[in-house]
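Input: a single structure, listed below in structure tokens.
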Amino acid sequence: IMAVGVMAWSNSIAHLIIVHYPWSGISGISWLVCGGLPCGFCGVLILMMAMEKGLISHLLSWGFFRGLGEMSLSIFLLHQILIRYYQWRIENTTDLPNWFFYGYLWVVLLLGSYVLMVLIERPCRQFILGLSQHNRRKRNSQPVGNENLLLGTSSISAFGKVLSSWLIRKRQLLLTVSALSILLIFINSYLPGALTLKNVIDQKMAAKIIDNWDAKYQRIQFGNKFLLRGANLVKMPGRIKLQLIWESMNEERLKYSVAVHFLDTGGRILSGADYPQNRGHILVHNHTIWLEETVIPLEKLTGASAIGIALYSTETREILSPDRGERDWNNQRLKITLPEQP
């Protein structure tokens with residue numbers, strides 16, 4: 001319970017540590033948050049389980065948990081790949097509930113780990129152990145001159161026998177591979193259709209929103225890829241909301257970032273609030289329309305007279321230039337005049 005509790009409260013504990021002990025620095029805090037804090041408690045937990053006493057050890061002796069223990073290396077190797085894929089491709093691009101993907105991740109992780117364990121880990125382990133024993137026996141019984149030849153022959157035969165035995169004995173492996181294949185087909189077929197921008201709006205809604213907006217910030221093309229159908233600033237207590245309505249002019253992958261620069265009268269950047277179009281770089285169809293909103297505290301606009309908008313790629317450094325409107329930065333950045341502050 002203590003180990004789980006420390007895991008759950010790692011961020012809060014790390015925050016207290018950095019407040020009272022700032023010398024720990026960013027690297028120290030990262031280590032604490034990413035696993036450093038629970039280390040001591042997990043060490044005690046491992047020691048208690050190694051003693052093989054108590055309710056926890058009794059529960060972990062069940063076949064299911066023993067199987068998870070055998071797959072622990074494969075789970076360790078695969079889990080970050082799946083988590084990173086979810087964060088990169090899925091997290092911000094679908095309205096499907098988180099519990100669906102959480103359960104789906106566990107199913108794919110366990111099936112994939114089992115396949116990895118049976119096809120790679122166990123045969124390689126048995127091969128290494130068998131090769132060591134075989135060479136030891138041969139070394140004691142054969143002349144030194146034939147050692148290299150025997151080593152090569154025994155390596156091939158030992159690995160072939162181990163792999164064949166596992167493939168023959170583990171019939172459930174076929175079912176596991178089949179189930180995993182179905183799940184992967186599901187990823188490649190159904191999920192791309194379910195991955196849509198959360199902030200998509202239709203033509204009617206876009207026209208209704210833009211109706212009262214300033215016409216000089218409407219229908220501005222950025223690099224013949226995206227159309228800024230409208231831009232607006234909404235005054236709110238203590239902050240301003242920047243609203244941008246975009247439309248894809250072709251089938252495009254949302255791999256660009258939106259630069260939001262707060263500029264003084266000379267065009268110098270005071271601060272910014274850049275954000276990616278979409279973390280998953282999803283593909284949108286032609287004439288897809290979506291609304292982006294950024295809330296800006298008034299203190300960030302101190303001394304600013306305009307907001308600069310640009311589209312750029314962090315990978316290729318490509319900048320999509322607006323085709324008209326008040327611009328600077330060699331006509332690569334659109335300038336939106338800020339309303340006078342009260």
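Nothing fancy with the numbering, it's 1 onward along the sequence.
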Report the distance from atom [atom1] of [X] to atom [atom2] of [Y], rounding to the nearest 0.5 Å.
X: R84; Y: H79; atom1: CZ; atom2: NE2; answer: 9.0 Å
X: Q203; Y: E247; atom1: CD; atom2: CD; answer: 5.5 Å
X: S257; Y: N278; atom1: OG; atom2: CG; answer: 10.5 Å
X: I336; Y: L263; atom1: CD1; atom2: CG; answer: 10.0 Å
X: F222; Y: S321; atom1: CZ; atom2: OG; answer: 9.0 Å
X: T316; Y: K255; atom1: OG1; atom2: NZ; answer: 6.5 Å

Non-hydrogen side-chain atoms of [X] and [Y] separated by less than 4.5 Å:
X: W246; Y: L227; result: no
X: R239; Y: I296; result: no
X: N232; Y: D214; result: no
X: H261; Y: D274; result: yes
X: I17; Y: L37; result: yes
X: L311; Y: V258; result: yes
X: Q277; Y: E252; result: no
X: M117; Y: R122; result: yes

Test of understanding: clusters of I, L, V, M, F, W, Y form through side-chain heavy atoms closer than 4.5 Å, transitively. Do [X] and [Y] belong to the same one?
X: I201; Y: V234; answer: no
X: I309; Y: L233; answer: yes
X: I245; Y: I220; answer: no
X: I13; Y: W31; answer: yes
X: M2; Y: V44; answer: no

What are the two closest non-hydrogen atoms of [X] and [Y], and how far apart are they?
X: L334; Y: G325; value: CD1-CA, 4.2 Å
X: A273; Y: T294; value: CB-CG2, 4.4 Å
X: T337; Y: Y217; value: N-OH, 3.1 Å
X: G272; Y: K300; value: O-NZ, 3.2 Å
X: I319; Y: Y312; value: CG1-CB, 4.1 Å

Mind running side-chain contact (heavy atoms from CB on, under 4.5 Å) on I269 and R333 for me, showing each step along the way? CA-CA 12 Å; I269 299 176; R333 182 172 61 186; 3.6 Å; yes
Under 3.5 Å, is there a donor-acceptor pair between the side chain of [X] and the main chain of [Y]?
X: R324; Y: P322; answer: no
X: E292; Y: L244; answer: no
X: R229; Y: A206; answer: no
X: N250; Y: N224; answer: yes
X: S113; Y: L110; answer: no
X: N199; Y: W290; answer: no
X: S248; Y: H285; answer: yes
X: D264; Y: A304; answer: no

Is it the case that over 12 heavy atoms from other parts of the model lie below 6.0 angstrom from the [atom1] atom of [X]?
X: D202; atom1: CG; value: yes
X: M236; atom1: CE; value: yes
X: I1; atom1: CD1; value: no

K216 with E326: basic N within carboxylate O range, under 4.0 Å: no
Do Q218 and W213 have side-chain N/O donor and acceptor atoms under 3.5 Å apart? no
What class does the angle between the rings of Y102 and W106 fall in, given that below 30° is parallel, 30 to 60° is tilted and above 60° is perpendicular? perpendicular
